[in-house]
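Notes follow once the structure below has been shown.
Here the structure is a predicted model, which is why all the values come from computation and not from measurement. In what follows, every heavy atom counts, from backbone to side chain, and hydrogens, waters and symmetry copies are set aside. A, B, ... follow the sequence lines: proteins, then strands. Residue 1 opens every chain.
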Amino acid sequence: MTTSVRTRFAPSPTGPLHIGGVRTALYAYLFARKHGGEFLLRIEDTDRKRFVEGAEDYIVESLKWCGIQPDKPSARQSDDLAIYRREAERLVTEGNAYLAFDTPGELEAVRLEATAAGETFTYDHSTRMKLSNSLTLSADEVKNKVRSGDPCVVRLKVPAGQEIRFTDLVRQEVSVLSDRVDDKVLLKSDGMPTYHLAHVIDDHLSGITHVIRGEEWLPSAPAHVLLYRFLGWEDQMPEFAHLPLILKPDGKGKLSKRDGDRMGFPVFPIRWKDPQTSEKFEGFREAGYYPESFINMLALLGWNPGTDQEVFTMEELIGAFSVNHIHKAPARFDPDKARWFNAQWLQRRPDHDLAERLGATLEKKYGMDSFTPEFILGCVRLLKPRVQFEYEMPVTGSYLFEHPVHFDDKVLDKKWKAGFQPFFESLVGAFNKTETFNASSLEEVFRATAESHELKPGKVLQLLRVLVTGESGGVDLFPMLELFGKEKTLKRLANGLAYVSAKFVDHG
RNA sequence: GGCCCGUUCGUCUAGGGGUCUAGGACAUCUGCCUUUCACGCAGGAAACACGGGUUCGAUUCCCGUACGGGCUACCA
C-alpha cells in the first residue's frame with residue numbers, strides 16, 4: 001500500500017509569522033496538494049517563556065488570508081505532554097538518553113571557561129563523562145536527586161563515531177559524523193519537551209511523510225534521524241526538505257521586521273500588534289496586496305516552474321509545484337517585483353469587482369449616490385491599466401470625481417497662447433452640437449475645430465485636459481469626456497475657461 | 001572560533017561538460033505609440049565569485065580560497 005503524502009507546518013506561537021514562514025507553509029501545502037495528500041497545522045507551544053498572546057490566532061488568520069487551509073483542526077503540542085515524557089523515559093530506559101543535573105549556571109560557567117581557553121564547549125560524547133548526569137553519578141545518587149526533586153533534563157546520548165546519513169529533497173545526500181552532533185536536551189527541567197523530541201514524536205504519530213522546513217534545521221537534522229532510530233521508527237521516517245532562507249532586499253542577512261519599517265514594505269502577511277510593546281506592523285494585506293499576488297510572489301521566491309510562466313493561481317501552483325525545482329541558495333526579497341505581481345493580479349480582476357470597491361470608497365468620501373454605477377465602472381476601465389493597487393484609483397484619479405479648483409499653471413503658462421480663447425469657445429459650441437457624445441466623434445470634432453482655427457491639434461490638446469481636469473496628465477482624454485457626458489464636460493470646460501480668462505486677463 | 005549549507009545579470013531565476021554569441025522576468029535605459037502619465041510594442045546595457053585541477057573541451061565535475069547565510073540554548 002502506498003502511504004499518501006502528509007505534510008505539516010509547525011510554527012511556534014512566539015510572534016507574527018513572517019514571509020519566510022508563510023513560504024514554508026505554502027511549499028508544504030503545495031507539496032501535499034500536488035500529491036493528493038493532506039496538509040496539517042501544528043502549534044509548537046512547548047516554550048512557555050517565549051509564548052506570545054495572540055500569536056496562534058495570528059498564524060491561523062494569516063494562513064486563512066493566504067488561502068492555505070489545513071485539512072484538520074490545528075494540533076497543539078501542549079495538549080498532550082504525557083506522551084513526550086513517556087517516550088523520553090523509554091529512551092532513558094533503553095540507554096539512548098540520560099538524565100542530566102547540570103544547572104544552567106554550571107553549564108554557563110563551563111562554557112565561559114572553555115571560551116577563555118579558546119575552545120567551544122559542547123555537551124557531547126567528549127564532555128558528558130565529566131559532567132553531572134546519570135552516566136557519571138551512581139544509581140543511588142541519581143535516585144536520590146530525582147526523589148528530592150533536583151531539576152534535571154533528559155539528554156540524547158549521541159553515539160560517537162557513527163556516520164548519519166539521510167536524503168534531503170533539496171540537497172540530495174547529507175552525511176554527518178555523529179561526533180559533531182551534541183547531546184541535545186529532549187525534555188526540559190520544567191517537564192516540557194524540546195522541539196527536537198516533540199516534533200519527531202508528533203510527526204511520527206500524525207503520519208507525516210515529508211518534513212518541509214527552513215534551512216535553520218539542517219544542522220540538527222542528524223539528531224532527529226538518531227531519534228527516529230532510537231524510538232524504533234526509522235523505517236517510517238519522513239523525508240526531509242530544507243528550504244533556503246529569505247534575505248533582506250539590500251545588504252546582508254535574513255529579512256527581519258525592522259527591514260520592513262526601514263524600507264517601507266511589509267514583512268508580515270497581515271497586521272500585527274505586539275501585545276507587549278503595543279508596536280504595530282502593517283501586513284501585506286493592509287498594504288493593499290491581494291492574497292493571490294502575495295502567494296504568487298512568495299511561491300516564485302526560491303522555486304520556479306521550469307517554464308516562463310510567472311503568474312499563477314493557487315491551483316496552477318499546485319499543478320506545477322515540484323521540490324526539485326527549489327533553489328538551494330537563499331533568495332532576496334524584492335519589493336518591486338512584489339508590486340509587479342500585484343499589478344498583474346489587478347489587471348486580471350473583473351472590472352465590476354473593482355468598481356464595487358471603488359464605489360464603496362467613493363461613497364465614504366463623497367456621500368451616497370454621488371456617482372452612478374456606470375460612471376464608476378467607466379472610471380475603473382480608464383484607471384485600471386495605470387495602477388498597481390486598488391487604493392491608487394481614487395487617489396490618482398481624483399480629478400474624475402472632483403471638479404477642479406486648482407489648475408496646472410506650469411502647463412498653462414507654457415502652452416497657453418493669445419488667441420486660444422476663441423478656439424476653445426468654438427470647441428464648446430461644437431461639443432454642444434455633438435449628437436453622439438462619444439470618444440471618437442469628440443476627437444473628430446476637436447481636430448476639425450482646431451484645423452478651422454489653423455491650429456495643430458497637439459498645440460491645444462493638453463490644454464483641453466488641463467481645462468477639464470486641472471491636471472497635466474491622466475487617463476485617456478476623449479474616453480474620459482465621453483464618460484463625463486456632455487453636460488459635465490461643458491460645465492468643466494466653462495469652469496476651466498473662466499479660470500484661464502481671469503488668469504490671462506492682461507494679455508487676452 | 002568550530003560545524004554545516006550555499007555562490008549565474010542590481011534582484012528573482014533558466015541551463016548544465018561542446019548547441020552559451022549564457023535564456024526569461026522585475027528594475028533600469030532608448031525608441032515607437034501618445035498632449036501627458038500608464039499600458040503595450042521594439043531594442044539596449046547588464047551575470048557564470050576567484051585560483052587550481054580532471055578533460056580534446058568547463059559556467060557546468062573535483063579541490064581549495066573568498067564571500068554570504070545558518071547552526072553552535074533547558075528557543076523554535
Whole angstroms only, please: what is the CG-P distance between A/Leu177 and B/C4?
9 Å
Can you tell me, in whole Å, how much space there is between the P of B/A47 and that of B/C41?
25 Å
Report the residue (A/Pro104 or A/Arg23) whose heavy-atom-nearest nucleotide on RNA chain B is the more 5′ of the two.
A/Arg23
How long is the line joining NE2 of A/His327 and P of B/G15, in whole Å?
10 Å
Separation of B/C5 atom C1' from A/Leu245 atom CG, nearest Å, is 10 Å
Would you call the rings of A/His242 and A/Phe240 parallel, tilted or perpendicular, taking 30° and 60° as the class edges?
parallel
Would you mind telling me which of B/C75, B/C26, B/U35 lies closest to the side-chain atoms of A/Trp340?
B/C26
Which listed nucleotide (B/C5, B/G10, B/C75) is nearest to the side chain of A/Asp334?
B/G10
Check: B/C12 base within 3.5 Å donor-acceptor of A/Arg332 side chain
no
Should A/Arg465 and A/Asp408 count as an ion pair when the cut-off is N to O under 4.0 Å?
no
Looking at every strand, decide which applies to A/Thr103 at a 4.0 Å heavy-atom threshold: base, sugar-phosphate, or nothing.
base
CZ of A/Arg339 versus P of B/A38: gap in Å, rounded?
15 Å
ring-ring contact (aromatic ring centres under 6.0 Å, His included) between A/Tyr290 and A/Phe284, intermediate numbers included:
CA-CA 8 Å; A/Tyr290 296 121; A/Phe284 279 84; over 10 Å; no
Any side-chain heavy atom of A/Ile246 sitting closer than 4.5 Å to one from A/Leu301?
yes
Atom P, compared across B/U35 and B/C20: separation rounded to whole Å:
43 Å
B/A14 to B/C26 separation - C1' atoms, rounded to the nearest Å:
15 Å
